[in-house]
Amino acid sequence: MNVAIVLYDGFDELDAIGPYEVFQTAGDLGCEMEASLVTVREPTTVTASHGLRVEPDAALEDVDPDLILVPGGGWSDRDAPGARREFDDGTIPDVLRTLAPTTQLASVCTGAMLLAAAGVLTNRPATTHHSAMDDLSVFADVREERIVDDGDVLTCGGITSGLDLALYIVRRECGDELGDAVATEMEYVPRV
């Protein structure tokens with residue numbers, strides 16, 4: 001499974017890097033899984049919400065992912081880079097809308113708002129960070145769950161839930177034993 005994690009200025013570091021490490025560790029332990037960090041525009045250095053600077057691997061159009069994961073970050077501050085700015089800009093949602101019919105989608109935290117803007121959460125169960133639940137309820141059937149699996153679209157709650165979502169995906173794709181091996185390697189105790 002090829003996972004593309006979409007980066008943008010203001011994304012939350014753990015929302016993207018935590019799942020990236022889970023997917024790469026799964027690949028190292030024998031699961032046919034790899035992750036890449038991508039942008040929807042030409043890849044340049046991206047600055048995350050806490051100042052981490054990341055050089056993406058490629059543009060999304062140059063990879064052929066089985067699953068696209070969208071991190072959140074920066075939803076509450078309209079003036080700062082982040083998910084709110086990307087929601088208003090519409091570029092990432094437009095790309096997701098185009099790819100949704102043929103690609104699984106997942107979000108961490110307020111990345112769900114970008115899936116909502118793409119129209120893929122309409123009348124579907126979904127979750128997000130607690131601070132954006134009311135905003136998401138305009139688009140989706142909001143659930144107060146850590147992970148919501150609606151088949152081809154998965155969402156998870158706040159920041160650390162991205163680790164649980166990634167482990168959930170590893171278990172779904174490669175089995176419980178490999179998922180347990182990844183959690184053990186990372187010394188992480190999943191909450192789901």
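Interatomic distance, T39 OG1 to E61 CD, rounded to the nearest 0.5 Å: 9.0 Å. Atom CD of E173 is separated from atom SG of C31 by 7.5 Å, given to the nearest 0.5 angstrom. Taking CG of D141 as the reference point, atom OG1 of T122 lies at 12.0 Å (rounded to 0.5 Å). To the nearest 0.5 Å, atom CG of residue L105 and atom CD1 of residue I68 are 5.5 Å apart. Taking CG of L67 as the start and CD1 of I5 as the end, the distance is 9.0 Å to the nearest 0.5 Å. The structure places CZ of F139 at 9.0 Å from CG of L121, a figure rounded to the nearest 0.5 Å.
In terms of heavy atoms, A100 sits closest to V120 at CB-CG1, 3.5 Å. Closest non-hydrogen pair, V108 versus C156, comes out as CA-SG, 3.6 Å. Contact detail for T44 and P56: the closest heavy-atom pair is O-CD, 3.0 Å. In terms of heavy atoms, R171 sits closest to P190 at NH2-CG, 4.1 Å. Across all their heavy atoms, T110 and A132 have their closest contact at CG2-CB, 3.8 Å. Contact detail for A4 and V38: the closest heavy-atom pair is CB-CG2, 4.0 Å.
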Determine, step by step, whether V6 and I92 satisfy the side chain to side chain contact (heavy atoms under 4.5 Å, CB included) criterion, reporting the C-alpha distance in whole Å, the side-chain angles of both residues, the deciding distance to 0.1 Å, and the verdict.
CA-CA 9 Å; V6 177; I92 291 174; 4.2 Å; yes
Starting from the C-alpha separation in whole Å, work towards a yes-or-no answer on side chain to side chain contact (heavy atoms under 4.5 Å, CB included) for I169 and M33.
CA-CA 10 Å; I169 292 167; M33 183 169 284; 4.3 Å; yes
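Listed by chain and number, the residues in a side-chain contact (heavy atoms from CB on, under 4.5 Å) with L163 are V22, M186, Y188 (sequence neighbours excluded). Take D9 and apply the side-chain contact (heavy atoms from CB on, under 4.5 Å) test, not counting sequence neighbours, and it matches V46, T47, P81.
Counting only heavy atoms from C-beta outward, the side chains of V148 and L154 never approach each other to under 4.5 Å. Taking 4.5 Å as the limit, every side-chain heavy atom of E34 sits out of range of all side-chain heavy atoms of V3. For the pair L178 and V170, the minimum side-chain heavy-atom distance is below 4.5 Å. Between L69 and D15 there is no side-chain heavy-atom pair separated by less than 4.5 Å. L167 has its side chain within reach of V182: a pair of non-hydrogen atoms, C-beta onward, lies under 4.5 Å apart. Within the 4.5 Å cutoff, the side chain of T91 has no heavy atoms near those of the Y8 side chain. Side-chain contact check for F87 versus L114: some heavy-atom pair is nearer than 4.5 Å. P19 is not listed as a side-chain neighbour of Q24, based on a closest heavy-atom distance of 4.5 Å or more.
One hydrophobic cluster, built from ILVMFWY side chains closer than 4.5 Å, holds both L136 and F11. I147 and Y20 fall within the same hydrophobic cluster, defined by Ile, Leu, Val, Met, Phe, Trp and Tyr side-chain heavy atoms under 4.5 Å apart, directly or through other members. Residues L115 and V138 share a hydrophobic cluster, clusters being chains of Ile/Leu/Val/Met/Phe/Trp/Tyr side chains in contact below 4.5 Å. Clustering ILVMFWY residues whenever any of their side-chain heavy atoms sit less than 4.5 angstrom apart, transitively, puts F23 in the very cluster that holds L7.
Other residues, nucleotides and ligands place more than 12 heavy atoms under 6.0 Å from the CZ atom of R172. Atom CD of E13 has more than 12 heavy atoms from other residues, nucleotides or ligands within 6.0 Å.
At a threshold of 4.0 Å, the pair R84-D89 does not count as salt-bridged, since none of the basic side-chain nitrogens sits closer than that to a carboxylate oxygen. The pair D88-R85 fails the salt-bridge criterion, with no side-chain N (NZ, NE, NH1 or NH2) lying under 4.0 Å from an Asp/Glu carboxylate O. Using a cutoff of 4.0 Å between basic side-chain nitrogens and carboxylate oxygens, R146 and D164 are scored as salt-bridged. Taking the charged nitrogens against the carboxylate oxygens, R143 and D149 have no contact shorter than 4.0 Å, which rules out a salt bridge.
Between the side chains of T127 and E144, no donor-acceptor pair is found at a separation under 3.5 Å.
In summary, of the residues considered (D12, T128, D135), a side chain to side chain donor-acceptor pair (under 3.5 Å) with W75 occurs for D135 alone.
Looking at D57, its side chain does come within 3.5 Å of a backbone N or O of L37 through a donor-acceptor pair. In this structure a side-chain-to-backbone donor-acceptor pair under 3.5 Å is present from R124 to D150. Listed for the D152 side chain is no donor-acceptor partner under 3.5 Å among the backbone atoms of Q104.
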